[in-house]
Participant: 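Okay, handing you the structure first.
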Amino acid sequence: MRIAIISDIHGNLEALKSTIKDIKSKNVDKIYCLGDIISKGNHTHECIEIIKKECEIVLRGNCDRHFSGEIDREKIKERLKEKAKIEFDRWDNLSKILTEEEKQYLNNLPYSHEFYLSGSLIRLFHASPEKDNIAVINQDFMEDKYKMFLPSEKTISQEVADVIVYGHIHHQYMDKLYNKTLVNTGSVGNSFCLIRNEKKDSSIKEIRQAHYVILEGKYGEKEYSNSSIGIEFNKVPYNVEKELEDDAFEKDLFRYEVLNGTYRNMTKIKENFERLGINFDEF
């Protein structure tokens, strides 16, 4: 069984169409999505429809939850500084254009999914077993990475997983710890590379592409045997300029992120590295 796992489309229609086309060229049996179908890009309705049509399993991301749920927007705005209020109003527009059917669809998406592949328990979620907006990065503390394999009240089983596949952080990587495998799919519509340096960077073309993962193995096999598991990282070119022809809900910020392959708020990234005891300025 070959299973393509995509995540973090963020309303980027051109990236999603190119990714689905690439997946279908690789003899894939199933497509799973780890959430964040919407926000940032301008093609909300189109991306939801494609995901509903093409994906057998779809999980809910933090953006899907945030924009489709009922929240006290005025109370939140009171706590924000003036500049953040402008951004919040821009985000709020997305919630208002979602149809009731789309909101219901996004709200009803499951938190996690799991299955056995060649004797390994594979668990999928958007960001972590407990919360959909925690950023566990590839440089993170080993203990925090280990917690990714532990079950929670939101996981289907209470078993410790062998392989975790998640999204949210928008950059692909794989790590091995305690005979377990931690995999991030990267992002289809909003890929990042957090560690950047003008003198050391490779071409920007790679990070502007759509990223996803394919798992391959004997589906449903619970006992270890001679069956193998394959983990394949993929990157797909797409028409970036065509995607950016239409205004996005966060048009300037979305354009900056897509064209540069980096997060809009590097102060936040720097603070995250400092939490880990890493001097971000030395990169």
Participant: Kindly compute the distance separating CG (L244) from CG (L259), expressed to the nearest 0.5 Å.
Facilitator: 5.5 Å
Participant: First locate atom OG1 of T155, then atom CG of L124, and finally report the distance between them rounded to the nearest 0.5 Å.
Facilitator: 12.0 Å
Participant: If you define the side chain from C-beta out and look only at heavy atoms, does anything of Q139 sit under 4.5 Å from Y173?
Facilitator: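 Not touching, per the 4.5 Å side-chain cut-off.
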Participant: Sequence neighbours left out, what passes salt bridge (charged side-chain N to carboxylate O under 4.0 Å, His left out) with E257? Give chain and number order.
Facilitator: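 Salt bridge (charged side-chain N to carboxylate O under 4.0 Å, His left out) check on E257 returns K40, R264.
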Participant: Write down the atom of E14, the atom of K17, and the distance for their closest heavy-atom approach.
Facilitator: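 It is OE2-NZ, 3.4 Å.
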Participant: Heavy atoms, side chains only, cut-off 4.5 Å: are S157 and L121 in contact?
Facilitator: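 Yes, close enough: below the 4.5 Å cut-off.
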Participant: Determine the minimum heavy-atom distance between S118 and S227, stating which atoms define it.
Facilitator: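 Answer, listing the atom of S118 first, then S227: OG-CB, 3.4 Å.
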Participant: Could I get the full list of salt bridge (charged side-chain N to carboxylate O under 4.0 Å, His left out) partners for K180, not counting sequence neighbours?
Facilitator: none
Participant: Determine whether I57 and C33 make a side-chain contact, defined as any pair of heavy atoms from C-beta on separated by less than 4.5 Å.
Facilitator: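 Result no, sub-4.5 Å side-chain heavy-atom pair not found.
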Participant: Measuring from atom SG of C55 to atom CD1 of I31, what distance do you get when rounded to the nearest 0.5 angstrom?
Facilitator: 5.5 Å
Participant: Within a reach of under 6.0 Å around CD of E153, are more than 12 heavy atoms found that belong to other residues, nucleotides or ligands?
Facilitator: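 12 or below, so no.
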Participant: Would the number of heavy atoms belonging to other residues, nucleotides or ligands and lying under 6.0 Å from CG of N279 be above 12?
Facilitator: yes
Participant: I'd like to check the side-chain contact (heavy atoms from CB on, under 4.5 Å) partners of S187; sequence neighbours left out, ordered by chain and number.
Facilitator: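 S187 satisfies side-chain contact (heavy atoms from CB on, under 4.5 Å) with D8, H170, N190, S191 only.
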Participant: Using salt bridge (Lys or Arg N to Asp or Glu O under 4.0 Å), reason through D162 and R123 one step at a time and then give a plain yes or no.
Facilitator: CA-CA 8 Å; D162 301 303; R123 180 172 290 138; over 6 Å; no
Participant: So do the side chains of I38 and I48 get within less than 4.5 Å of each other, counting heavy atoms only?
Facilitator: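 Yes, close enough: below the 4.5 Å cut-off.
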Participant: Check ring-ring contact (aromatic ring centres under 6.0 Å, His included) between Y238 and all other residues, then give those that pass, not counting sequence neighbours.
Facilitator: none
Participant: Classify the angle between the aromatic ring planes of Y166 and F125 as parallel (below 30°), tilted (30 to 60°) or perpendicular (above 60°).
Facilitator: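 Correct class here is tilted.
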Participant: Restricting to side-chain contact (heavy atoms from CB on, under 4.5 Å), what partner residues turn up for T185, sequence neighbours left out?
Facilitator: I5, S7, L34, V165, V213
Participant: Working to the nearest 0.5 Å, report the span between CZ of R60 and OG of S68.
Facilitator: 6.5 Å
Participant: Measuring only between side-chain heavy atoms, which start at C-beta, is L194 closer than 4.5 Å to K270?
Facilitator: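 The answer is no; the side chains never approach within 4.5 Å.
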Participant: Please report the closest heavy-atom contact between I3 and M1, naming both atoms and the distance.
Facilitator: CG1-CG, 3.7 Å
Participant: Between K131 (side chain) and N62 (backbone), is there a donor-acceptor pair under 3.5 Å?
Facilitator: no
Participant: Could you work out, with ring-ring contact (aromatic ring centres under 6.0 Å, His included) as the rule, every residue matching Y116, not counting sequence neighbours?
Facilitator: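 Y116 satisfies ring-ring contact (aromatic ring centres under 6.0 Å, His included) with no residue once adjacent residues are dropped.
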Participant: Is a side-chain N or O of E102 found less than 3.5 angstrom from the main chain of T44, in a donor-acceptor match?
Facilitator: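 No, the answer is negative, given that no donor and acceptor are paired below the 3.5 Å cut-off.
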Participant: Take a 6.0 Å sphere around NZ of K205 and say whether it holds more than 12 heavy atoms from other residues, nucleotides or ligands.
Facilitator: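 No - once you tally the heavy atoms of other residues, nucleotides and ligands closer than 6.0 Å, there are 12 at most.
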Participant: As an exercise, state the distance from NZ of K145 to CG of L182, rounded to the nearest 0.5 Å.
Facilitator: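 The distance works out to 6.5 Å.
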Participant: Can you tell which of H126, K154, R65 makes a side-chain hydrogen bond (donor to acceptor under 3.5 Å, both in side chains) with D132?
Facilitator: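 With D132 as partner, side-chain hydrogen bond (donor to acceptor under 3.5 Å, both in side chains) holds for just one option, R65.
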Participant: List in chain and number order the residues that pass side chain to side chain donor-acceptor pair (under 3.5 Å) with S152, two or more places apart in sequence or in another chain; answer none if no residue qualifies.
Facilitator: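 In terms of side chain to side chain donor-acceptor pair (under 3.5 Å), with neighbours along the sequence ignored, S152 is linked to no residue.
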Participant: Is the closest side-chain donor-acceptor distance between H43 and E243 under 3.5 Å?
Facilitator: yes
Participant: Taking side-chain contact (heavy atoms from CB on, under 4.5 Å) as the definition, give me every residue that meets it alongside D144, ordered by chain and number, with sequence neighbours left out.
Facilitator: D140, F141, K147, R275
Participant: Are H168 and I134 close enough that some pair of their side-chain heavy atoms sits under 4.5 Å apart?
Facilitator: no
Participant: How close do D201 and R196 get, counting heavy atoms only, and between which atoms?
Facilitator: OD2-NE, 3.0 Å
Participant: Heavy-atom distance under 4.5 Å between the side chains of I214 and F233, does that happen here?
Facilitator: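 When only atoms from C-beta onward are counted, F233 and I214 do not touch, as no gap falls below 4.5 Å.
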Participant: Starting from the C-alpha separation in whole Å, work towards a yes-or-no answer on salt bridge (Lys or Arg N to Asp or Glu O under 4.0 Å) for K242 and E245.
Facilitator: CA-CA 5 Å; K242 183 177 180 180; E245 286 176 358; over 6 Å; no
Participant: With sequence neighbours left out, write down each residue that passes ring-ring contact (aromatic ring centres under 6.0 Å, His included) with Y256, or none if nothing qualifies.
Facilitator: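 ring-ring contact (aromatic ring centres under 6.0 Å, His included) check on Y256 returns nothing, list empty.
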Participant: For Y111 and S128, work out which heavy atoms get closest and say how close.
Facilitator: OH-O, 2.8 Å
Participant: Is the number of heavy atoms from other residues, nucleotides or ligands within 6.0 Å of NZ (K30) greater than 12?
Facilitator: yes
Participant: Can we say R2 and D29 salt-bridge, meaning some charged N sits less than 4.0 Å from an Asp/Glu carboxylate O?
Facilitator: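 No, R2 and D29 are not salt-bridged.
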Participant: Report yes if some heavy atom in the side chain of L16 is under 4.5 Å from a heavy atom in the side chain of N12; otherwise report no.
Facilitator: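 Sidechains of N12 and L16: no contact.
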Participant: Can you check whether K176's main-chain N or O pairs, donor with acceptor, with T181's side chain at less than 3.5 Å?
Facilitator: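 Side chain of T181 to backbone of K176: no pair is present.
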Participant: Check the angle between the aromatic planes of Y146 and F149 and answer parallel, tilted or perpendicular using the 30° and 60° thresholds.
Facilitator: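 The rings of Y146 and F149 sit tilted, inter-plane angle from 30° to 60°.
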Participant: When you measure from the side chain of H171 to the backbone of I169, do you find a donor-acceptor pair of N or O atoms at a distance under 3.5 Å?
Facilitator: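 At least one qualifying donor-acceptor pair exists.
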Participant: Checking K268 now: which residues fulfil side-chain contact (heavy atoms from CB on, under 4.5 Å) with it, not counting sequence neighbours?
Facilitator: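 side-chain contact (heavy atoms from CB on, under 4.5 Å) check on K268 returns Y263, N265.
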Participant: What do the steps show when you test K26 against E232 for side chain to side chain contact (heavy atoms under 4.5 Å, CB included), and what is the final call?
Facilitator: CA-CA 11 Å; K26 295 182 182 295; E232 176 185 321; 3.9 Å; yes
Participant: Residues in ring-ring contact (aromatic ring centres under 6.0 Å, His included) with H113, at least two apart?
Facilitator: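 Checked H113 against ring-ring contact (aromatic ring centres under 6.0 Å, His included); matches are Y32, F115.
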Participant: Test of understanding: with side chain to side chain donor-acceptor pair (under 3.5 Å), list the residues that count as partners of K235, not counting sequence neighbours.
Facilitator: none
Participant: Counting only heavy atoms from other residues, nucleotides and ligands, does the tally under 6.0 Å from CD of E46 exceed 12?
Facilitator: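 Check passes, neighbour count above 12.
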Participant: Apply side chain to side chain contact (heavy atoms under 4.5 Å, CB included) to residues V258 and H10 and explain how you reach the verdict.
Facilitator: CA-CA 11 Å; V258 168; H10 284 292; over 6 Å; no
Participant: Of all heavy-atom pairs between V58 and L109, which one has the smallest distance, and what is that distance?
Facilitator: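 Distance-wise, the nearest heavy atoms are O-CD2, 3.6 Å.
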Participant: Out of I9, T19, I20, which residue meets the side-chain contact (heavy atoms from CB on, under 4.5 Å) rule with I50?
Facilitator: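 Among I9, T19, I20, the one that satisfies the side-chain contact (heavy atoms from CB on, under 4.5 Å) with I50 is I20.
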Participant: For M148 and V136, run side chain to side chain contact (heavy atoms under 4.5 Å, CB included): C-alpha distance rounded to whole Å, both residues' side-chain angles, the deciding distance at 0.1 Å, then the answer.
Facilitator: CA-CA 9 Å; M148 295 286 277; V136 176; 3.8 Å; yes
Participant: Could you walk me through whether V236 and Q209 satisfy the side chain to side chain contact (heavy atoms under 4.5 Å, CB included) test, starting with their C-alpha distance in whole Å, then the side-chain angles of each, then the deciding distance to 0.1 Å, before giving a yes or no?
Facilitator: CA-CA 5 Å; V236 184; Q209 296 177 349; 5.6 Å; no
